[in-house]
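A quick write-up on the structure given underneath.
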Amino acid sequence: KNICKFTGVKHAVATNNGTSALHIALLASGIKVGDEVLLPAMTFVASANAISYCNAIPHFVDSDVNNLGIDTQKLLDYLKKNIIIRNNQCFNTKTGRRIFAIMPVHVYGFIGDIEKLKEIADEFKLLIIEDAAESLGSFKNRRHAGSFGHCGCISFNGNKIITTGGGGALITNNEEIAIIARHLSTTAKIN
């Protein structure tokens, strides 16, 4: 409840770490084996690992030297040249794989050009799953990091803003994602 209140989202799901939050966010959002997820070249390995845990493909894109996030202009140029929209989904023409989502990483709490990234995601039918591991307390236009996309993930590892020695959280305004995430984060037990 405190995380929801602080970040301004409707749902927060506790996880054992930030990587698990990313992994669960991808699964709860509907990623499929072989899908690609776009993420910036400047990131921590956990972002790519969470994608790989889903048997999906980390697809690195250029980082912006000014805000350390995804270079939105280079991303837009790349997508215009290399994708096709079929059945309201984005496909990589070089690999034939579906591009499922964009995973911006808010390195050192810098949110980057999230507004432009949202425009690109909408245009190319992509979800945004935010790696906000280092961003607890980061706001842009009065919105907290991790609240701009489909869902966001925060870390409480020993080197983060607030630490529990480990732990993480998935935050979202999507009730269905929260329900699935709670189920997956509690060993997916069926009562």
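Only a predicted model underlies this, so the values are computations on that prediction, with no experimental measurement involved.
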Query raised in the report: Taking a hydrophobic cluster as the set of Ile, Leu, Val, Met, Phe, Trp and Tyr residues connected by side-chain heavy atoms closer than 4.5 Å, whether directly or through intermediates, do Ile51 and Phe124 fall within one such cluster?
Result: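 As far as the 4.5 Å side-chain criterion goes, Phe124 and Ile51 are not connected within one cluster.
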
Report task. State yes or no: do Leu76 and Phe148 share one hydrophobic cluster built from I, L, V, M, F, W and Y residues joined by side-chain heavy-atom distances below 4.5 Å, directly or via other members? Result ->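 They do share one cluster, since a chain of ILVMFWY contacts under 4.5 Å joins Leu76 to Phe148.
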
Locate the shortest heavy-atom distance separating [X] from [Y]; write the atom from each residue and the value.
X: Ala25; Y: Ile129; value: CB-CG2, 3.8 Å
X: Ser29; Y: His150; value: OG-CD2, 3.1 Å
X: Ser138; Y: Ile111; value: O-CD1, 3.8 Å
X: Lys140; Y: Asp113; value: NZ-CA, 3.8 Å
X: Ile114; Y: Pro104; value: CD1-CG, 4.1 Å
X: Ala56; Y: Pro58; value: O-CD, 3.6 Å

Report task. Apply the test side chain to side chain contact (heavy atoms under 4.5 Å, CB included) to residues Thr19 and Tyr53: give CA-CA distance (whole Å), side-chain angles for both, the deciding distance (0.1 Å), then the verdict. Result -> CA-CA 10 Å; Thr19 308; Tyr53 296 158; 3.8 Å; yes

Requested in this report: Report yes or no: does Glu130 contribute a side-chain atom to a donor-acceptor pair with the main-chain N or O of Gly152 at less than 3.5 Å?
Outcome: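 Flag not set: sc Glu130 to bb Gly152 has no pair under 3.5 Å.
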
Query raised in the report: When rounded to the nearest 0.5 angstrom, what is the spacing between CZ in Phe6 and CD1 in Ile154?
Result: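 Atom-to-atom, Phe6:CZ and Ile154:CD1 are 8.5 Å apart.
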
Query raised in the report: What is the distance from atom NZ of Lys80 to atom CD1 of Ile120, rounded to the nearest 0.5 Å?
Result: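 Rounded to the nearest 0.5 Å, the NZ-CD1 separation comes out at 9.0 Å.
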
Heavy-atom side-chain proximity of [X] to [Y] below 4.5 angstrom:
X: His23; Y: Thr15; value: no
X: Leu38; Y: Leu79; value: yes
X: Leu136; Y: His144; value: yes
X: Thr7; Y: Ser147; value: no
X: Ile102; Y: Val61; value: no
X: Phe44; Y: Val105; value: no
X: Lys10; Y: Glu175; value: no
X: Glu115; Y: Asn141; value: yes

Report task. Evaluate the side chain to side chain contact (heavy atoms under 4.5 Å, CB included) criterion for residues Ile180 and Leu27: first the C-alpha distance (whole Å), next the side-chain angles of each, then the deciding distance (0.1 Å), finally the verdict. Result -> CA-CA 9 Å; Ile180 295 168; Leu27 292 172; over 6 Å; no

Query - Salt-bridge present (Glu119, Lys116; N to O < 4.0 Å) - result: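 Salt bridge: yes.
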
Query - Polar side chain donor-acceptor pair, Ser52 to Asn49, under 3.5 angstrom - result: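 The answer is no; no qualifying pair exists.
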
Query raised in the report: Residues in salt bridge (Lys or Arg N to Asp or Glu O under 4.0 Å) with Glu134, at least two apart?
Result: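 Not a single residue meets the salt bridge (Lys or Arg N to Asp or Glu O under 4.0 Å) criterion with Glu134.
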
Report task. Check the pair Ile85 / Cys90 against side chain to side chain contact (heavy atoms under 4.5 Å, CB included), numbers first and verdict last. Result -> CA-CA 5 Å; Ile85 302 292; Cys90 183; 4.1 Å; yes

